[in-house]
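By convention here, the first residue in the shown sequence is residue 1. No experiment lies behind these values; they were computed from the predicted model shown.
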Amino acid sequence: MSDSLQAATPTGTAAASGDELEALAHLLLTCSNVLVLTGAGISTASGIPDYRDEDGVRRGRLPIQGAEFRASEAARKRYWARSMLGWPRLAQARPNAAHRAIAQLEEAGRVAAVLTQNVDGLHQQAGSRRVMELHGSIHAVRCLSCGTFYERARIQRELEQFNPALACAEAAALPDGDAQLEPDADADFHVPSCGRCGGMLQPDVVFFGDGVPAARNAEAEQAAHACDVMLVVGSSLMVLSGFRFARMAAQAGKPVAAINRGLTRADPLLALKIAASAESVLPRLASLVLDGKRA
């Protein structure tokens with residue numbers, strides 16, 4: 001870790017200083033393979049709630065566990081009822097300035113790939129081409145019996161058709177297309193099943209308690225090994241599935257930088273941190289990097 005990068009580490013201010021931005025821009029300009037690791041904080045400006053506060057403490061209830069979803073009909077009713085109410089808001093979300101800035105940097109050859117913990121698909125909407133979705137996509141559903149994939153929009157139509165009484169209910173949005181629902185409101189809920197074999201449907205995401213698929217994990221590890229700098233954006237890295245990639249890069253002697261409002265699990269490993277929102281920092285950073293490249 002260089003002295004210049006250590007000196008640029010912020011003291012917890014809410015806005016990035018010019019020196020901090022210059023230091024991060026210099027780092028990106030002097031490295032040829034930048035891997036961007038993103039979390040929920042990059043999508044809050046698009047209207048999608050995140051899981052944690054600035055101290056990295058989880059808000060609200062724990063999300064559903066994968067084993068519970070597959071073992072319990074009541075759990076599946078609860079999940080799909082909340083998803084029916086929460087997914088439309090997520091589906092309407094659009095990329096914000098932070099997503100677009102990363103796509104610009106990729107197009108200019110300054111970002112090699114994006115490894116995201118998010119399931120919202122906003123990086124692809126913004127124009128990023130090499131996106132590794134570590135935890136899958138909320139916009140796809142798969143049958144656990146025959147492997148058939150469905151678009152989530154198609155499943156939404158079925159949910160609303162067979163659950164009209166609940167379809168118009170008001171519910172507060174929660175992270176990842178979830179929604180707050182009154183207890184027992186889902187007692188008579190119709191759960192969708194596979195149109196091909198009648199099997200159990202599950203969103204194509206990695207539920208808590210489940211592991212990242214081996215092939216996806218291998219691709220992410222390869223990207224982490226290949227990069228010469230990692231930029232963490234909008235993630236506390238409290239979940240091991242994301243943190244371990246930052247730890248992997250740092251242990252290999254590669255600089256790890258972060259743009260995140262609050263604490264991260266990787267703070268002791270960071271060469272540079274800007275404690276501000278992604279949407280306020282990344283457009284300015286992209287301008288500096290792109291101007292530097294043209295110069």
Side-chain angles (χ1 to χ4, degrees), residues 39-40 43-44 46-53 57-93 117-121 133-213 238-242:
S43 294
T44 54
S46 295
I48 301 175
D50 60 3
Y51 282 106
R52 299 179 186 274
D53 62 22
V57 177
R58 176 177 292 281
R59 298 186 179 97
R61 63 178 178 82
L62 288 173
I64 193 167
Q65 303 287 306
E68 178 189 13
F69 176 91
R70 292 183 290 274
S72 167
E73 181 181 2
R76 290 192 293 278
K77 285 185 176 183
R78 185 167 65 250
Y79 173 85
W80 283 113
R82 289 173 166 171
S83 179
M84 182 182 75
L85 299 178
W87 179 80
R89 178 173 175 177
L90 190 150
Q92 293 166 8
Q117 300 171 89
N118 299 339
V119 297
D120 53 38
E133 294 178 305
L134 191 63
H135 297 147
S137 171
I138 198 66
H139 302 299
V141 175
R142 62 187 172 91
C143 174
L144 299 183
S145 297
C146 70
T148 298
F149 276 83
Y150 297 90
E151 291 185 358
R152 177 62 180 79
R154 172 178 170 176
I155 302 303
Q156 183 69 15
R157 291 191 292 271
E158 179 179 340
L159 289 169
E160 293 175 354
Q161 177 184 353
F162 288 99
N163 301 284
L166 193 60
C168 297
E170 294 290 332
L174 296 174
D176 291 342
D178 196 2
Q180 187 68 46
L181 194 63
E182 291 297 322
D184 301 324
D186 51 22
D188 298 320
F189 192 81
H190 168 85
V191 174
S193 59
C194 178
R196 175 171 293 180
C197 74
M200 184 187 302
L201 295 182
Q202 177 178 307
D204 192 33
V205 300
V206 177
F207 278 138
F208 278 78
D210 291 343
V212 175
M238 293 300 173
V239 178
L240 181 61
S241 62

Residue pair [X] / [Y]: nearest heavy atoms and the distance that separates them:
{"X": "Ile64", "Y": "Ala75", "answer": "CD1-O, 3.7 Å"}
{"X": "Ser43", "Y": "Asp120", "answer": "OG-OD2, 2.8 Å"}
{"X": "Val141", "Y": "Ile155", "answer": "CG2-CG1, 4.0 Å"}
{"X": "Ser145", "Y": "Met200", "answer": "OG-N, 4.2 Å"}
{"X": "Leu159", "Y": "Pro192", "answer": "CD2-CD, 3.5 Å"}

A side-chain contact here means heavy atoms from C-beta on lying under 4.5 Å apart; do [X] and [Y] qualify?
{"X": "Gln156", "Y": "Pro88", "value": "yes"}
{"X": "Val206", "Y": "Glu133", "value": "no"}
{"X": "Ser83", "Y": "Pro203", "value": "no"}
{"X": "Asp210", "Y": "Arg70", "value": "yes"}
{"X": "Cys194", "Y": "Leu144", "value": "no"}
{"X": "Arg142", "Y": "Gln202", "value": "yes"}
{"X": "His190", "Y": "Gln161", "value": "no"}
{"X": "Arg152", "Y": "Asp204", "value": "no"}

Stepwise side chain to side chain contact (heavy atoms under 4.5 Å, CB included) check, His135 with Val212: CA-CA 7 Å; His135 297 147; Val212 175; 4.2 Å; yes

Ser46 (side chain) donor-acceptor with Ile48 (main chain) under 3.5 angstrom: no

Stepwise side chain to side chain contact (heavy atoms under 4.5 Å, CB included) check, Leu201 with Glu158: CA-CA 12 Å; Leu201 295 182; Glu158 179 179 340; 5.6 Å; no

Residues Glu68, Tyr79; criterion side chain to side chain contact (heavy atoms under 4.5 Å, CB included); working and verdict: CA-CA 10 Å; Glu68 178 189 13; Tyr79 173 85; over 6 Å; no

Steps toward side chain to side chain contact (heavy atoms under 4.5 Å, CB included) verdict (Phe69, Trp80): CA-CA 10 Å; Phe69 176 91; Trp80 283 113; 3.6 Å; yes

Spacing of CD belonging to Gln65 relative to OG belonging to Ser72, to within rounding of 0.5 Å: 12.5 Å

